Visitor: 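This structure is in structure tokens; I'll ask about it shortly.
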Number of protein chains: 2
Amino acid sequence: MTRPPARPMRADAVRNYERILTAARAAFAEQGSQAPLDDIAQRAGVGNATLYRHFPTRQALLEAVHRDHIEALCRQAKELLAAPSPSEALMSWLKAVVAQGSTARGLAASLMAAIGTQEESWCRDAVFASASALLARAQQAGAVRPDVTVRQLLKLVNAIALATETEPDRDEQVGRLLDLLLDGLRATSTS
Amino acid sequence: MTRPPARPMRADAVRNYERILTAARAAFAEQGSQAPLDDIAQRAGVGNATLYRHFPTRQALLEAVHRDHIEALCRQAKELLAAPSPSEALMSWLKAVVAQGSTARGLAASLMAAIGTQEESWCRDAVFASASALLARAQQAGAVRPDVTVRQLLKLVNAIALATETEPDRDEQVGRLLDLLLDGLRATSTS
DNA sequence: ACCTGAACACCGTTCAAGT
DNA sequence: ACCTGAACACCGTTCAAGT
């Protein structure tokens with residue numbers, strides 16, 4: 001239900017939808033993913049109930065805001081599936097995931113929440129699909145432990161993104177932590 | 001300031017202090033670390049302002065509630081410093097940290113918040129001291145990468161605890177994720 | 001000194017009334 | 001259909017008044 005405009009939408013509704021997204025993007029960037037929804041509505045120049053009408057939950061709003069980023073990640077995953085080295089492809093993608101999560105404040109929290117949820121989540125499904133394909137290929141190539149699940153992998157990667165969100169030297173930190181994790185993922189050469 | 005009773009405390013104040021702790025422990029266990037403070041005050045049979053008087057912030061209350069657990073972890077760290085294998089000592093301790101974080105709901109979040117904070121935190125100092133000693137010993141023994149910092153280590157470990165907090169098969173998950181991390185921490189034998 | 005309930009502020013959610 | 005502001009509920013924080 002956080003999918004596109006569905007079908008026919010009144011012109012003012014479309015405009016409000018877009019304005020809310022723009023306002024939310026700015027608010028999340030400035031104040032983090034806990035930014036007050038009333039603030040966002042006010043920035044967008046709409047009533048608070050209108051925000052709620054378009055986005056029933058905060059999670060829905062977060063996913064919509066980060067939709068471009070997530071779609072970019074999915075596209076990148078698709079390209080990487082054609083890369084020569086399955087393990088390097090997976091590694092590259094995970095780095096991109098954390099990079100996105102670090103750049104776009106709130107994306108990490110958004111993903112983490114989506115991973116955990118039981119409910120319908122377009123965001124989770126998309127990310128899971130991308131990660132699954134890359135992981136499976138790396139495992140079939142014998143480059144990554146066969147007992148690692150997509151869920152575990154994403155949880156860990158997002159945990160890193162979360163853990164470093166407020167760090168002063170974010171980029172440096174992310175690189176090192178991710179290297180640690182990726183080393184742990186490697187299948188031991190001696191079976 | 002989350003330290004012990006300081007100095008002379010009126011009898012009823014001491015009793016209230018204890019009752020709040022007991023109530024908070026139960027509330028955090030049932031509802032997680034976001035349990036309403038008003039609920040806790042009501043359970044304890046005190047005014048909400050009394051809770052606030054004893055514990056100025058939620059963080060202070062969380063630390064006080066988990067004080068026993070944290071002290072247990074510190075004691076264990078001290079013992080493990082005398083263990084024959086520095087690397088196994090570190091590994092054991094980290095497992096204990098996650099186990100505590102998983103058992104006592106809210107502890108993981110509490111620690112994570114403490115690690116990140118700039119402010120005075122008895123909790124953070126104690127855990128940092130324990131972790132530092134064990135990590136340094138393992139690094140000096142050449143068993144763990146020399147470029148891993150205490151901060152990174154604790155962030156990762158707590159991220160695992162956080163990431164698995166709501167998992168159905170928690171114990172299983174924790175074990176596997178921690179193994180992955182610990183493998184990554186190992187110094188490569190070929191220098 | 002310490003406790004208390006009430007007041008205040010803030011924010012999410014719902015609803016009756018508008019167009 | 002969709003929008004709106006106001007109402008309501010919830011919770012954290014502060015304060016004036018009590019003992």
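So that the names make sense, note that chain A is the first sequence line, chain B the second, and so on, each numbered from 1. Computed from a predicted model, the values in this text were never measured in an experiment.
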Visitor: Please report, rounded to the nearest Å, how far the C1' atom of dT4(D) is from the CZ atom of Arg19(A).
Guide: 14 Å

Visitor: Could you tell me whether a side-chain N or O of Gln100(B) sits under 3.5 Å from a main-chain N or O of His66(B), the two making a donor and an acceptor?
Guide: no

Visitor: Whole-Å distance between dC3(D) C1' and Glu18(A) CD?
Guide: 17 Å

Visitor: Given that Arg58(B) and Ala49(B) both sit by DNA chain D, which one's nearest nucleotide is further toward the 5' end?
Guide: Arg58(B)

Visitor: Starting at atom CG of Asp38(A), determine the distance to atom P of dA9(C), rounded to an integer number of angstrom.
Guide: 16 Å

Visitor: Watson-Crick or G-U wobble partner for dG5(D), using a 3.5 Å limit on both distances?
Guide: dC15(C)

Visitor: Please give, in whole Å, the distance from dC3(C) C1' to Arg15(B) CZ?
Guide: 11 Å

Visitor: Is there a side-chain contact between Leu90(B) and Leu153(B), using heavy atoms and a 4.5 Å cut-off?
Guide: yes

Visitor: Does the side chain of Phe28(A) come within less than 4.5 Å of Ile40(A)'s, by heavy atoms?
Guide: yes

Visitor: Specify the separation, in whole Å, of atom CG of Leu51(B) and atom P of dC2(C).
Guide: 16 Å

Visitor: Do the side-chain N or O atoms of His54(A) get closer than 4.0 angstrom to the phosphate oxygens (OP1, OP2) of dC3(D)?
Guide: yes

Visitor: Rounded to the nearest Å, what distance is computed from the CG atom of residue Leu37(A) to the P atom of nucleotide dA9(D)?
Guide: 20 Å

Visitor: Quick one, Leu156(B) and Leu185(B) - any side-chain contact, counting heavy atoms below 4.5 Å?
Guide: no

Visitor: Measure from the side-chain heavy atoms of Asp12(B) and tell me the nearest of dC11(C), dC2(C), dG12(D).
Guide: dC2(C)

Visitor: Given atom CZ of Phe55(B) and atom P of dG12(D), what is their separation to the nearest angstrom?
Guide: 15 Å

Visitor: Among dC2(C), dC11(C), dC3(D), which nucleotide has an atom closest to any side-chain atom of Arg53(B)?
Guide: dC2(C)

Visitor: Rounded to whole angstroms, how far apart are CD on Gln42(A) and P on dG5(D)?
Guide: 10 Å

Visitor: Want to settle it: does Thr50(B) or Arg10(B) sit nearer the 5' end of DNA chain C, counting the closest nucleotide to each?
Guide: Arg10(B)

Visitor: Closer than 3.5 angstrom, by distance alone: can the side chain of Trp93(A) be matched with the main-chain N or O of Leu81(A) as a donor-acceptor pair?
Guide: no

Visitor: Answer yes or no: does a side-chain N or O of Tyr52(A) lie under 4.0 Å from OP1 or OP2 of dG12(C)?
Guide: no

Visitor: Assuming nearest nucleotide by heavy-atom distance, tell me which of Asn48(A) and Ala35(B) is located more 5' along DNA chain D.
Guide: Asn48(A)

